[in-house]
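Worksheet for the structure shown next.
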2 protein chains.
Amino acid sequence: MTNALPFKERRAPGFRTQVPEVCVTRLSLYLRELTRLNRQQVRMVSSRQLAESLGLTDVQIRRDFNYFGQFGTSGRGYDVRKLHDRLTKILGVAGRTWNVALAGVGHLGSALLAYRGFRERGFLFRVAVDTDPRKIGQTIQGLTIASASQLAHRVRQQQIHIGLITVPVESAQTVCDQLIQGGVRAILNFAPIHLDVPASVHLRTVDLAVELESLVFYLVHPSPDTDSRKNSMVNGA
Amino acid sequence: MTNALPFKERRAPGFRTQVPEVCVTRLSLYLRELTRLNRQQVRMVSSRQLAESLGLTDVQIRRDFNYFGQFGTSGRGYDVRKLHDRLTKILGVAGRTWNVALAGVGHLGSALLAYRGFRERGFLFRVAVDTDPRKIGQTIQGLTIASASQLAHRVRQQQIHIGLITVPVESAQTVCDQLIQGGVRAILNFAPIHLDVPASVHLRTVDLAVELESLVFYLVHPSPDTDSRKNSMVNGA
DNA sequence: CACTGTGAATGCATTCACAGCG
DNA sequence: CGCTGTGAATGCATTCACAGTG
């Protein structure tokens, strides 16, 4: 319960500024683990225990939490339920849902529509569009596929918060623009191409081929010391 | 054509050591863009042009290339074809294919089996397994689904290089171990859980729910200055 | 004493600034 | 010039080391 934070005032209303990008990603990871622990009736958890199950370091975790305040008890660890509740609020997923639109109902798009992990965490598909006339009008996962020409309109109408792009590269930028035009401010893109978005829109690209291909590099160039993200034991005797 | 590299000798046979992790990921990105340019008969390309189309900076690209040698011509840029050939060799995808095994033929698994981006870049699915008796024996994308109990065996038999995991969290670690037991040294995991692997195995996890959820943070905490990965224009008047 | 919280040190990656080449 | 290649400076993230607390 430190009473004077020297120069931490600089935290703007809604902190945001100081928080490392990576930390935000990990927040979601923490949240999932805490949900698990909660289900298992676990009351308290230490940063070390969390680190162990998530493949991180304890300091990393304590520092991540610290960007948002002091949640822990010295010598005890963290109250699972309390921490969970705090983090859901910080992440913005506390007691609410988010509306999602899917552009492109191909193999990957269909898989995402069916992905339980999304619904579990409060992401609801409200719009799905495709250009294929045979698909338009079909119902998948309880959602009727609309025409791609309707995208911007539907997105606005349904108050969509987040857009998922699973269309071929040729149409990805167009679809992206339409999502933004419809008011979307966060986009998860699976098309293997760089998309231009205004600074106010948050874009994240998951490039499956790149993920796979970059793994190959390490197969072809095995490191002398056997590496990994964890202990590399370099300085040891 | 610098004649003496002061202390760059430290590059071990097969460089690997010095190369930033992020750079390796980008390598694959460069390669795809160069393939595109090649198809369009473009002869030369500058780091700035590449930067523009990939959403990176020119210096970043030049430095990335430099980890592997000098490929460019001052005042001219890079020879597209030559650079492409060099990078395919460095990445380890030059004139060869890689055998892939898929564990878990659910929605996502099926989508990956069908994903053209993989085949295009020389990744061939040779094994697919599932635990569901109704799926075993079925053929999908020309591949017959085997029983999960066969995994390690098939992987060894088919000389699989890379494993993809799209099974539920409960079985992910087991499947992972079996892949490794079968001789796999690179794994792309889609199960939303941390997997333990020996240091000699390269693991990458794509966590779809985390990708989506972490986007929400930025919706809830909009930054004062409108941010983005590109020009933030902070210091400007 | 087992744990959190955090300055200070280190390590990794990007950007700046510019020498040098075609 | 236009562009590459690269030391030096900066910025971002992790790790170390330890003071402080229940």
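These figures come from a predicted structure and were not determined experimentally. Protein chains get the first letters and strands the later ones, always in sequence-line order, with residue 1 at the start of each.
You'll find that the side chain of B:Ser46 is closest to D:dC3, out of D:dC3, C:dT4, D:dA17. Each of D:dA13, D:dG5, C:dA13 was ranked by its minimum atom distance to the side chain of A:Pro20; first place goes to D:dA13.
The distance from atom CG of B:Asp58 to atom P of C:dT15 is 10 Å, rounded to the nearest whole Å. Between the CG atom of A:Asn66 and the C1' atom of D:dA19 there is a distance of 14 Å, rounded to whole Å. C:dC3 atom P lies 16 Å from atom CG of A:Leu83, rounded to whole Å. At whole-Å resolution of the value, CD in A:Glu21 and P in C:dT14 are 12 Å apart. Atom CD of A:Gln70 and atom P of D:dG22 are 11 Å apart (whole Å). Whole-Å rounding puts the A:Gln49 CD to C:dC3 C1' distance at 11 Å. B:Asp64 places its CG atom 10 Å from the C1' atom of C:dA13, with the value rounded to the nearest Å. Whole-Å rounding puts the B:Phe71 CZ to C:dC21 P distance at 20 Å.
The residue A:Val22 sits close only to the backbone: its heavy atoms come under 4.0 Å of sugar-phosphate atoms, none of a base.
DNA chain D is contacted by both B:Gly72 and A:Gly75; B:Gly72 maps to the nucleotide lying nearer its 5′ end (nearest heavy atom per residue).
For B:Arg26 and C:dT14, the shortest distance from a side-chain N or O to OP1 or OP2 is below 4.0 Å. Proximity of B:Arg62 to the phosphate of D:dG5: no side-chain N or O atom is located under 4.0 Å from OP1 or OP2. A close approach under 4.0 Å does not occur between any side-chain nitrogen or oxygen of B:Thr73 and OP1 or OP2 of C:dG22. Considering only side-chain N and O atoms, A:Ser74 lies nowhere under 4.0 angstrom from the phosphate OP1 or OP2 of D:dG20. Distances shorter than 4.0 Å separate some side-chain N or O of A:Gln60 from OP1 or OP2 on D:dT14. For D:dG5, the OP1/OP2 oxygens have a side-chain nitrogen or oxygen of B:Tyr78 closer than 4.0 Å.
A donor and an acceptor atom, one from each side chain of A:Arg204 and B:Ser214, are located under 3.5 Å apart. Side chains of B:Asn189 and B:Thr205: a donor on one and an acceptor on the other come within 3.5 Å. Side-chain atoms of A:His84 and A:Thr35 include a donor-acceptor pair closer than 3.5 Å.
Residue side chain A:Arg76 does not reach the base of C:dT4 through any donor-acceptor N/O pair under 3.5 Å, judged by distance alone. Looking at B:Arg63, its side chain has no donor and acceptor atom pair within 3.5 Å of the base of C:dT14.
Residues A:Asp64 and A:Leu56 have side chains not in contact (no heavy-atom distance under 4.5 Å, counting atoms from C-beta outward).
Within the structure, no pair that satisfies the salt bridge (charged side-chain N to carboxylate O under 4.0 Å, His left out) test touches residues 169-190 of chain A, not counting sequence neighbours.
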